[in-house]
Amino acid sequence: MEPNGLSRDVLLERPWLPVSINGCRLLAKSWFGETSCSILLTDLQCVWEETMHSAAIQKRAQELNKRLQAPVQAFFAHLCEVIGPILSGSGQPHEGDAHFSLMRLDSADMVLRLKSKLAGLPFYWEFRCTPAPIAVVCLHLVRPLLSMSHVLHQQVEQLEGLLVRKDAEIQDYKENGATLSRARLQTEHFEPHTYRGRFLAKTLPVVCSDLHGLQNFSNNLQDLYAAVAAHANARKRKLSDQDRQDPDLTPSTGAEAGVAAVAEAGDQKQTSQVEEPRDKMADTPAVQQLVTCSRAERGSSKTKKKKGLGLFR
């Protein structure tokens, strides 16, 4: 089973892809491991999610396929192969007999149903996606898109400055007698404010339409999204590594300052109290709780795998 942190990081770095399921247009991102998966769907009005690991996948597969008696590894690869092309936006799956349907329930849940063939027998599956919490929406949509808009704004400002300098260069050529060999290459003098007004008046009606938003998460935007998310993940991991390397930096600094102050005052009794033996620290409630949790984790038992009798009974 893949670590939960790894699956979250990998899913965050996956870009949103435009998909169409039974005529319903969505943006989707998905991640499939060896025996676990995580998907996100949005129609730009709501975001749905589902994350499943080996035990949950096994339980749902037996619930939907009564005759299926097989470990997760035996059928999960088939599920990934069939559902992968749909969630990646590349079109229909390789198997022509696979059918998909999408249903939004009264409870606001979204169900993605699959019917295909496994070992010559019908195989059914459902992704039962629930509305994602605000934290997930901010993590996968709000923060990356705000970062993308900031990056693109800086790029526009640099390009505007470059055009202004190009105009100054061309004007210098003209003043020194240079002429164009072809009149069709003549361009207007670039005015940033005028250009912005014309661009917004022409582009906003198209960009703000719902259909455009779902269909035109282009390859360039997908690459930019992945780059922004990867940079955010790398920064988060770097800060986490620094915290693990120096977890007691602030407390130790404060203790050293306190010892120095006591030494200056000449109070040897308080100095000895600051440097207490480590054995007494084990009596604090926080340390006792950590020891109890550590023993509980080591004492967890592993379930035994039964020998499979084939994919179906």
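From a predicted model like this one, the values you see are computed outputs, not experimental measurements.
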Asks: Run the side-chain contact (heavy atoms from CB on, under 4.5 Å) check on Leu121 and Leu68 step by step: do they pass?
Replies: CA-CA 10 Å; Leu121 295 174; Leu68 180 63; over 6 Å; no
Asks: Membership question, hydrophobic clusters at under 4.5 Å side-chain separation (ILVMFWY): are Val164 and Ile170 in the same one?
Replies: no
Asks: Could you tell me whether the side chain of Ser88 and the main chain of Pro85 form a donor-acceptor pair under 3.5 Å?
Replies: yes
Asks: Do Leu112 and Ile21 come within less than 4.5 Å of each other through their side chains, counting heavy atoms only?
Replies: yes
Asks: What pairs of residues pass the salt bridge (charged side-chain N to carboxylate O under 4.0 Å, His left out) test when at least one of them lies in residues 176-202, not counting sequence neighbours?
Replies: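 Sorted pair list: Glu160-Arg196, Glu188-Arg198.
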Asks: Could you tell me whether Lys236 and Glu13 make a salt bridge, using a distance below 4.0 angstrom between a side-chain N and a carboxylate O?
Replies: no
Asks: How would you list all residue pairs meeting salt bridge (charged side-chain N to carboxylate O under 4.0 Å, His left out) that involve residues 102-112, not counting sequence neighbours?
Replies: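 Qualifying pairs: Asp43-Arg104.
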Asks: Please identify which of these residues, Cys80, Ser30, Cys37, meets the side-chain contact (heavy atoms from CB on, under 4.5 Å) condition with Leu87.
Replies: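 The side-chain contact (heavy atoms from CB on, under 4.5 Å) with Leu87 is passed solely by Ser30 among Cys80, Ser30, Cys37.
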Asks: Considering all heavy atoms of both residues, which atom of Leu114 and which atom of Ala98 are nearest to each other, and what is their separation?
Replies: CD1-CB, 4.3 Å
Asks: Any idea which heavy atoms bring Pro144 and Cys138 closest together, and the distance?
Replies: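 Smallest heavy-atom distance, with atoms named: CD-O, 3.7 Å.
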Asks: Counting distance only, does the side-chain N/O of Asn233 pair as donor-acceptor with the main-chain N or O of Asp9 below 3.5 Å?
Replies: yes
Asks: I need the full list of side chain to side chain donor-acceptor pair (under 3.5 Å) pairs touching residues 137-149, with sequence neighbours left out, sorted by first then second residue.
Replies: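 Pairs touching residues 137-149 that pass the test: Lys29-His140.
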Asks: Taking the side chain as C-beta and beyond, is there a heavy-atom pair between Leu180 and Gln186 under 4.5 Å?
Replies: yes
Asks: Using side-chain hydrogen bond (donor to acceptor under 3.5 Å, both in side chains) as the criterion, list what pairs up with Tyr195, not counting sequence neighbours.
Replies: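 Tyr195: no side-chain hydrogen bond (donor to acceptor under 3.5 Å, both in side chains) contacts found.
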Asks: Output the distance between atom NZ (Lys115) and atom CD (Glu126), rounded to the nearest 0.5 Å.
Replies: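 Between atom NZ of Lys115 and atom CD of Glu126 there are 13.0 Å.
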Asks: Does Val136 belong to the same Ile/Leu/Val/Met/Phe/Trp/Tyr cluster as Leu145, with side-chain heavy atoms less than 4.5 Å apart forming each link?
Replies: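 Looking at the clustering, Leu145 is in the same group as Val136.
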Asks: Has Phe199 got more than 12 heavy atoms of other residues, nucleotides or ligands less than 6.0 Å from its CZ?
Replies: no
Asks: Would you say Leu40 ends up clustered with Leu44 if hydrophobic residues are merged whenever their side chains have heavy atoms under 4.5 Å apart, either directly or through other cluster members?
Replies: yes
Asks: Heavy atoms only: give me the nearest Ala28-Leu41 pair and the separation to one decimal.
Replies: CB-CD2, 3.5 Å
Asks: Over all heavy atoms of both residues, which pair between Leu102 and Cys24 is shortest? Give the atoms and the distance, please.
Replies: CD2-SG, 3.8 Å
Asks: Determine, stepwise, if the pair His78 / Ser116 fulfils side-chain contact (heavy atoms from CB on, under 4.5 Å).
Replies: CA-CA 10 Å; His78 165 78; Ser116 64; 3.0 Å; yes
Asks: Please report the interatomic distance OG(Ser36) to CH2(Trp31), rounded to the nearest 0.5 Å.
Replies: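 The CH2 atom of Trp31 is 3.5 Å from OG of Ser36, to the nearest 0.5 Å.
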Asks: Just wondering, more than 12 heavy atoms not from Ile134 lying within 6.0 Å of its CD1?
Replies: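 Count not over threshold, so no.
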Asks: Starting from Val111, walk the hydrophobic network (Ile, Leu, Val, Met, Phe, Trp, Tyr; side-chain heavy atoms closer than 4.5 Å) and list everyone else you reach, by chain and number.
Replies: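 When side chains under 4.5 Å apart are linked, the cluster holding Val111 also contains Met103, Leu105.
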Asks: Leu221, Trp16: one ILVMFWY side-chain cluster at the under-4.5 Å cut-off?
Replies: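 Yes, because Leu221 and Trp16 connect within a single hydrophobic cluster, where side-chain heavy atoms sit under 4.5 Å apart.
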Asks: Please report the C-alpha distance between Arg128 and Met110 in whole Å, then the side-chain angles of each, then the deciding distance to 0.1 Å, and finally whether the side-chain contact (heavy atoms from CB on, under 4.5 Å) criterion is met.
Replies: CA-CA 6 Å; Arg128 300 167 184 173; Met110 179 74 79; over 6 Å; no
Asks: Does Gln58 reach the main-chain N or O of Val72 with its side chain, forming a donor-acceptor pair under 3.5 Å?
Replies: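 Such a contact is found between Gln58 side chain and Val72 backbone.
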Asks: How many angstroms lie between CG in Leu204 and CG in Leu200, if you round to the nearest 0.5 Å?
Replies: 5.0 Å
Asks: Quick check on the hydrophobic clustering: are Leu64 and Phe76 connected, directly or via other members, by side-chain heavy-atom contacts under 4.5 Å?
Replies: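 In one cluster with Leu64: Phe76, no.
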Asks: Looking only at heavy atoms, what is the nearest atom pair of Lys66 and Gln69, with distance?
Replies: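 Smallest interatomic distance, heavy atoms only, reads O-NE2, 4.1 Å.
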Asks: Is the shortest heavy-atom distance from the side chain of Glu50 to the side chain of Met52 under 4.5 Å?
Replies: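 Sidechains of Met52 and Glu50: in contact.
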Asks: Quick one: OH on Tyr225 to OG on Ser218, what's the gap to the nearest 0.5 Å?
Replies: 14.5 Å
Asks: State, yes or no, whether a side-chain contact exists between Gln73 and Thr35 at a heavy-atom distance under 4.5 Å.
Replies: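 Heavy-atom side-chain distance check passes, below 4.5 Å.
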Asks: Can you name the side-chain hydrogen bond (donor to acceptor under 3.5 Å, both in side chains) partners of His153, sequence neighbours left out?
Replies: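 Testing His153 for side-chain hydrogen bond (donor to acceptor under 3.5 Å, both in side chains), a comparison that skips the adjacent residues, returns Glu157.
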Asks: Can you give me the closest heavy-atom contact between Cys129 and Trp48, atom names plus distance?
Replies: CB-CB, 3.5 Å
Asks: Let me confirm one number: the OG1-CG distance from Thr51 to Leu11, rounded to the nearest 0.5 Å.
Replies: 7.0 Å
Asks: Using a 3.5 Å distance criterion without hydrogens, assess whether the side chain of Asn22 forms a donor-acceptor pair with backbone atoms of Phe100.
Replies: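 Present.
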Asks: With under 30° as parallel and over 60° as perpendicular, where do the rings of Phe75 and Trp125 fit, or are they tilted in between?
Replies: tilted
Asks: Show your working on side-chain contact (heavy atoms from CB on, under 4.5 Å) between Asp172 and Glu169 and close with a plain yes or no.
Replies: CA-CA 5 Å; Asp172 182 72; Glu169 180 181 352; 5.7 Å; no
